[in-house]
Amino acid sequence: MRMMRLVDGRRFFSSGSCSLEQWNGRKMPPAAVVLCFSTVLQVPSTVAAISVWRLNASALIFAEPSTRLMPQDDLLPTVHVDLIQATQILNYIKSSNNPTIDVFPSKWRLGRSPAPSVAYFSSRGPSSVFPSILKPDIAAPGVNILAAWSPKAPPTLIPRLDNRSVAWNFQSGTSMSCPHVAGVVALLKSAHPHWSPAAIRSALMTTAVMADTSSDTILAGGTLKAADPFDIGAGHMDPLKAMDPGLIYDMDTQDYILFLCSIGYTEAQIRKIVLPNISPININTSCSEVYSDPDLNYPAIVISDLHTALTVQRTVTNVGSGAAIYFARVVSPQGVHVSISPHCLVFFGEGEKISYEVTVIPLKRSGGRYDFGEIAWSDGYHRVRIPLVVRVSTHFAIGGGSESDEAGITNYIQLQ
Ligand SMILES: *[C@@H]1O[C@H](CO)[C@@H](O)[C@H](O)[C@H]1NC(C)=O
Ligand SMILES: *[C@@H]1O[C@H](CO)[C@@H](O)[C@H](O)[C@H]1NC(C)=O
Ligand SMILES: *[C@@H]1O[C@H](CO)[C@@H](O)[C@H](O)[C@H]1NC(C)=O
C-alpha cells in the first residue's frame, strides 16, 4: 500500500476545469492524486490527464456521468468514477485537513457479474437503407478489450508527449467486437463444417441473450433503458449455446439473389456480386420471380410500415440430433395482434425443414414508434428465439375509418 495526497483539481485551474490554459500558477504538491470533473466546461479525460501531468501530479481521478464511463489509455494512472462517487470524494477532501488516498495493488473480485451494457457509441438500428432487415444483428464485447498494439504508436496516440512503447493496449469499438464474433464463427464452422454462412449467423442470433445469467437486464448505454433489438440486435452472443441451436433459419445464394432483385438490383449488378461464371455451382441470377422482402429467411422479422394484416413466412431446419417437437411462444409487440401457424413443429429427423407463418394485425396507431416482441420455439431443451419488430403505419385507420389525426400526419412527414 502507498499513501498519497488527494487534491481538488479546481484549486489549480481558474475556471475549475482541469485544462492547462486555465492553470492559475499554483504548484502541485508532490505525489498528488488530483480529482477532476468532466462536467466543468466539458473537459475530456485526455485533456485533464495531460494538464495535471504537466503540473507533475502522480495520478488522476476523473469524474463523469455514469452513462459515459469508459476507462481509456491516459498519460498517467487514472481512475474513472461516476458523479455520485466523485461528490463523496469531494466532500471528504473538503472535510479533511490533510486528505490522503491509499493505493493498493489491483486484485480480482470474483462472484459479481452485473450484466454488460451497450456502449453509448455503439451504432443503433433501424437500418436506414433497408428497414425490414434488423440491424444490428448481434452484440459482442467491444469496450476495454486488451488487444495487440503496434510498439511504434504511443498508447495514447499523442505524439511527442507520450513516448511509451507497448505491445498491448485497451481498445474499444466495433473493431474489437467484430473479432470476437469472427472467432466464434470460426469455432462454429469447425464444429459444423457443412453449415452455410446464414446458418452460422442464425445460430448466433437465435441463441443470443438479452440478460446475463442472473437475469440482470442488459441496458442501452448512454441511457438507463433496457436494451431493445435496435441497440443489441438479437442479443449478446452466447458461443456455447450457438454450438447447439436446435433449429436454424438457413439461406442459400438463390435466396440472396431474389432478395437483391426485390430491392431493385438489376441482373447485371447481381452478376457482379455473385460472380456466376467462376462459381462452382450453377447460379441463376434472373430476377423474374416475384418476391417480397420480409420473406427473406432472416432470423428476425421487422415490419416497418404495417397498414393492414400481413403474413410473413419463415422456414426452420432441424439441426438437433434426431426427432423433436417444438412449440411456439410469442410475445406480441404493443399495438398488434400476432398469430402463428402451425403452433407446433414435429420433426422426424435431422436436416428436415418446416415452414411456419406469422400473421400480424395492427390494432392501434403507434405514432411512428417501433414496438418489440419475439417468437421463440422450444423443444424443452433448445430455445430458438427471434426478435419481432413492428411499426404500425400512421396511415392505418382505427376501426375502419379513414381520417388520420393531425399529430399522426406530422409524425409521418417527419419520418419520411
Ligand atoms: C515539474 O517538475 C519539474 C522537475 O522537477 C520542474 O522543473 C517543473 O517546474 C515542475 N512543474 C510544475 C508546473 O510544477
Ligand atoms: C519524447 O521524445 C521526443 C523526441 O525524442 C522528445 O523531444 C520529447 O521531449 C520526449 N517527450 C517526453 C515527454 O519525454
Ligand atoms: C431462373 O430463375 C427464375 C426465377 O427467378 C425462373 O423463372 C427461371 O426459370 C430460372 N431459370 C433457370 C434456367 O433455371
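No experiment lies behind these values; they were computed from the predicted model shown. In listed order, ligands and their atoms are each counted from 1.
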Query raised in the report: Any protein heavy atom sitting closer than 4.0 Å to atom 11 (N) of ligand 1?
Result: yes
Report task. Ignoring hydrogens, tell whether any protein atom lies closer than 4.0 Å to atom 2 (O) of ligand 1; use the non-hydrogen atoms only. Result -> yes
Report yes if some heavy atom in the side chain of [X] is under 4.5 Å from a heavy atom in the side chain of [Y]; otherwise report no.
| X | Y | result |
| --- | --- | --- |
| Leu83 | Phe37 | yes |
| Val360 | Val312 | no |
| Asn318 | Leu247 | yes |

**Report entry** Ala198 backbone acceptor or donor facing Tyr249 side chain under 3.5 Å
**Finding:** no
Report task. Write out the residue and atom name of the closest protein heavy atom to atom 5 (O) of ligand 1, then the distance separating them to 0.1 Å. Result -> Asn56 ND2, 4.6 Å
Query raised in the report: Hey, is Lys27 touching ligand 1 through its side chain, its backbone, both or neither, going by heavy atoms under 4.0 Å?
Result: side chain
Query - Per-atom contacts of ligand 1 with Arg54, taking only distances under 4.0 Å to non-hydrogen atoms - result: 13 (C)
Report task. Test side chain to side chain contact (heavy atoms under 4.5 Å, CB included) on Phe130 and Val302 and set out the steps. Result -> CA-CA 10 Å; Phe130 205 71; Val302 184; over 6 Å; no
